[in-house]
Amino acid sequence: MFIPSMLLKQLYTRGSLNNTDTGISFSLKNRLKDAEIKEILHIKIDGKEVNIDQVFMNTSEEENIPATSINKDNRIDFPLRKVINIEVKGHDSLAIERHELEISVKASPFGNLKFSVNDSIPDPKNQDVRVPRDEMDDFGENIIKKRQEFVSEFTGKPIDHIGKYSIDPHELSGNIEHFTGVAQIPMGFAGPIKVNGEHAIGEFMIPMATTEGTLVASYNRGMKVANMCGGIKVSVVDDAMQRAPVFEFEDARGARDFVQWVKLNFDTIKTEAETTSSIADLVYIDHFLSNKFAFLRFNFKTGDAAGQNMVGRATFAACSWILDQYSGIKNFFLESNFATDKKASQINIMRTRGKRVTAEVTLKKEVLQQYMRVDPEQLDHHSRIAAIGSFLSGVNNTGLHSPNGITAMFIATGQDVANVSESSAGIIYTELTSNGDLYISITIPSLIIATYGGGTGIGTQKESLELLDCYGKGKAHKFAEIVAAVVLAGEISLASAISSSDWVSSHEQYGRNR
């Protein structure tokens with residue numbers, strides 16, 4: 001099985017090379033796919049071959065495994081994300097400088113793997129105070145207690161609430177480093193809200209985690225009004241996740257010719273990208289040329305995962321193949337800042353990042369008058385004026401506060417909260433109907449959510465998704481529809497409060513302005 005050289009180097013954990021009391025050590029981590037190590041062929045340090053009899057391997061299950069004992073009948077499991085620490089016992093200490101390591105192994109299903117990396121020995125004199133870690137089991141009870149004691153001693157303050165949790169720390173591997181405890185955030189439920197989606201159909205209670213008074217009450221009020229008008233219709237209209245590498249050439253002509261080559265080789269690039277995941281689906285590659293640079297924007301579908309890491313891994317594999325095949329590339333960076341990960345941007349408003357969702361409802365005049373103390377004309381008029389304010393201020397949202405509901409739901413359901421920066425974009429439209437009612441809709445062009453993977457499987461967060469029947473595979477579009485419906489309910493409530501001058505009095509009632 002061919003694996004591009006850049007991808008192979010990812011097996012080595014940079015910064016892991018160290019002198020020890022018995023020799024030297026370094027770490028490998030499987031960042032490719034589940035595998036088995038069948039044989040250690042050789043290890044070279046600065047061009048000199050290491051005696052294989054001196055090589056021992058440590059895993060979380062077993063220590064001091066002789067490299068000579070590994071063969072086709074006695075393999076080492078090397079599943080994805082597993083760490084193996086390799087010790088070369090009796091080796092002379094390495095100088096505090098940069099060193100080259102060459103590693104060659106036989107592994108199933110890959111065959112023979114050989115790669116070279118550079119790493120440096122750190123100067124112990126320059127090492128700062130470090131948070132305690134355990135390379136083999138960093139989520140065990142003992143190391144967590146050591147970290148709590150370390151933080152308490154360093155700050156001179158006790159850890160009490162932080163150290164109380166109901167989850168199994170071992171389930172957090174891949175979600176957090178230096179796990180020391182939890183942050184407890186108040187949760188309330190709004191609803192039910194009636195959703196008329198293609199995937200979310202029915203009434204749902206909405207978990208919201210926040211410390212902002214009036215937020216849950218405001219969304220609850222908007223849901224009530226929307227329900228009285230038949231519920232909120234929601235449609236997912238697009239779905240994409242990006243990674244945007246950049247390639248540098250000698251001149252602009254070189255960049256132009258490269259883009260043509262990429263177009264001709266799209267099928268192979270797609271195959272290389274998708275070898276890293278059973279879910280990632282490379283749909284198309286946008287290209288943007290500037291100066292002597294070719295910016296490529298890889299667009300994937302990522303199933304029920306948010307997918308940023310997935311598409312990063314897939315794009316890296318594709319680009320590794322490109323670099324091995326195409327001559328003339330002077331420089332390469334996996335991310336050019338053109339995917340605008342964790343940043344609001346116009347390109348994502350136009351092209352979609354995550355799910356593009358539209359929620360809409362027609363609010364009856366008598367319902368607005370009776371329960372919100374506003375006329376449809378007031379809301380429509382305010383919306384038009386607010387659009388001017390949005391234009392003048394240059395914001396990415398012509399609505400009022402969609403990030404409030406999105407953030408509260410993101411925290412409750414284990415989403416990557418930093419994605420609110422992109423998911424905050426919103427396009428509001430209002431229209432008076434012929435019989436005096438108000439049609440209102442909002443499009444969220446870059447709603448980045450997941451129902452599987454990431455933080456969605458952690459205790460509280462998994463429970464919240466399960467209460468919505470949105471946990472697991474095949475649920476992402478359903479969850480996106482529910483989030484969009486909640487956002488629109490919040491817009492209805494706040495717009496009515498502003499138009500009826502209830503905004504400040506509501507905050508007074510619920511304790512915000514004590």
Would you confirm whether [X], through its side chain, and [Y], through its main-chain N or O, come within 3.5 Å as a donor-acceptor pair?
{"X": "Asp375", "Y": "Glu377", "result": "no"}
{"X": "Asn196", "Y": "Gly230", "result": "yes"}
{"X": "Thr302", "Y": "Ala305", "result": "yes"}
{"X": "Arg356", "Y": "Ile349", "result": "yes"}
{"X": "Ser441", "Y": "Glu360", "result": "no"}
{"X": "Thr451", "Y": "Gly472", "result": "yes"}
{"X": "Gln10", "Y": "Arg31", "result": "no"}
{"X": "Thr407", "Y": "Asn404", "result": "no"}

Test side chain to side chain contact (heavy atoms under 4.5 Å, CB included) applied to Arg81 and Asn30, step by step:
CA-CA 5 Å; Arg81 291 186 290 276; Asn30 188 348; over 6 Å; no
Should His477 and Asp304 be marked as a side-chain hydrogen bond (donor to acceptor under 3.5 Å, both in side chains) after you check the CA-CA gap, both sets of side-chain angles, and the distance that decides it?
CA-CA 8 Å; His477 282 201; Asp304 296 287; over 6 Å; no
Evaluate the criterion side-chain hydrogen bond (donor to acceptor under 3.5 Å, both in side chains) for residue pair Thr358 and Thr443; output intermediate values, then yes/no.
CA-CA 4 Å; Thr358 295; Thr443 292; 2.7 Å; yes
In this structure, are over 12 heavy atoms from other groups packed under 6.0 Å from [X] atom [atom1]?
{"X": "Lys233", "atom1": "NZ", "result": "no"}
{"X": "His161", "atom1": "NE2", "result": "no"}
{"X": "Asn309", "atom1": "CG", "result": "no"}
{"X": "Phe266", "atom1": "CZ", "result": "yes"}
{"X": "Lys224", "atom1": "NZ", "result": "no"}
{"X": "Tyr471", "atom1": "OH", "result": "yes"}

Contact check, side chains of [X] and [Y], non-hydrogen atoms, under 4.5 Å:
{"X": "Gln148", "Y": "Ile162", "result": "no"}
{"X": "Ser60", "Y": "Asp137", "result": "no"}
{"X": "Pro207", "Y": "Leu468", "result": "yes"}
{"X": "Thr180", "Y": "Ile144", "result": "no"}

Any ring pair (Phe, Tyr, Trp, His ring centres under 6.0 Å) pairs touching residues 351-389, not counting sequence neighbours?
none
Distance from [X] atom [atom1] to [Y] atom [atom2], nearest 0.5 Å?
{"X": "Gln369", "Y": "Lys364", "atom1": "CD", "atom2": "NZ", "value": "13.5 Å"}
{"X": "Asp34", "Y": "Lys82", "atom1": "CG", "atom2": "NZ", "value": "11.0 Å"}
{"X": "Ile440", "Y": "Ile232", "atom1": "CD1", "atom2": "CD1", "value": "9.5 Å"}
{"X": "Leu432", "Y": "Leu438", "atom1": "CG", "atom2": "CG", "value": "6.0 Å"}
{"X": "Met310", "Y": "Thr315", "atom1": "CE", "atom2": "OG1", "value": "11.5 Å"}
{"X": "Thr456", "Y": "Glu466", "atom1": "OG1", "atom2": "CD", "value": "10.0 Å"}

Could you give me the CA-CA distance, side-chain angles and deciding distance for Gln415 and Thr413, then say whether side-chain hydrogen bond (donor to acceptor under 3.5 Å, both in side chains) is met?
CA-CA 6 Å; Gln415 310 302 311; Thr413 59; 3.3 Å; yes
Donor-acceptor pair between [X] and [Y] side chains, under 3.5 angstrom:
{"X": "Ser218", "Y": "Ser493", "result": "yes"}
{"X": "Asn419", "Y": "Gln308", "result": "yes"}
{"X": "Asn348", "Y": "Ser446", "result": "no"}

Side chain to side chain donor-acceptor pair (under 3.5 Å), paired with Asn396, selected from Ser345, Ser424, Ser390, Ser421
Ser424
Per the side chain to side chain donor-acceptor pair (under 3.5 Å) rule, which among Asp286, Thr352, Asn299 passes with Gln242?
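Checked Asp286, Thr352, Asn299 against Gln242; only one passes side chain to side chain donor-acceptor pair (under 3.5 Å): Asn299.
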Quick one: list whatever passes ring-ring contact (aromatic ring centres under 6.0 Å, His included) with Tyr165, sequence neighbours left out.
Phe179
Ring-plane angle category for Phe295 and Phe338, please: parallel below 30°, perpendicular beyond 60°, tilted otherwise.
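Geometry flag for Phe338 against Phe295: perpendicular rings.
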Under 6.0 Å between the ring centres of Tyr219 and His401?
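Judged by ring-centre distance (under 6.0 Å), Tyr219 and His401 do meet the cut-off.
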Would you say the ring centers of Phe293 and Phe247 fall short of 6.0 Å from each other?
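No; Phe247 has its ring centre 6.0 Å or more from that of Phe293.
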Scan [range] for pairs that pass salt bridge (charged side-chain N to carboxylate O under 4.0 Å, His left out), counting only residues two or more places apart or in two chains.
{"range": "residues 180-190", "result": "none"}
{"range": "residues 469-483", "result": "Asp469-Lys475, Asp469-Lys478"}
{"range": "residues 142-158", "result": "Asp138-Arg147"}

Taking it one step at a time, do Lys292 and Glu248 satisfy salt bridge (charged side-chain N to carboxylate O under 4.0 Å, His left out)?
CA-CA 6 Å; Lys292 56 179 182 175; Glu248 180 181 355; 3.4 Å; yes
Tell me, please, which residues at least two apart from Thr276 pass side chain to side chain donor-acceptor pair (under 3.5 Å).
none
Pair Asp437, Thr362 - check side-chain hydrogen bond (donor to acceptor under 3.5 Å, both in side chains), show working.
CA-CA 7 Å; Asp437 297 331; Thr362 298; over 6 Å; no
Considering non-hydrogen atoms only, spot the tightest contact between Ile269 and Phe298 and give its length.
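Taking every non-hydrogen atom into account, CG2-CE2, 3.8 Å.
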Evaluate the criterion salt bridge (charged side-chain N to carboxylate O under 4.0 Å, His left out) for residue pair Arg243 and Asp341; output intermediate values, then yes/no.
CA-CA 8 Å; Arg243 185 60 61 204; Asp341 198 8; 3.6 Å; yes
Salt bridge (charged side-chain N to carboxylate O under 4.0 Å, His left out) between Glu203 and Lys194, worked out
CA-CA 4 Å; Glu203 295 186 336; Lys194 185 176 181 181; over 6 Å; no
Decide side chain to side chain contact (heavy atoms under 4.5 Å, CB included) for Leu379 and Thr430; before the verdict, give the C-alpha distance in whole Å, the side-chain angles of both, and the deciding distance to 0.1 Å.
CA-CA 8 Å; Leu379 293 181; Thr430 61; over 6 Å; no
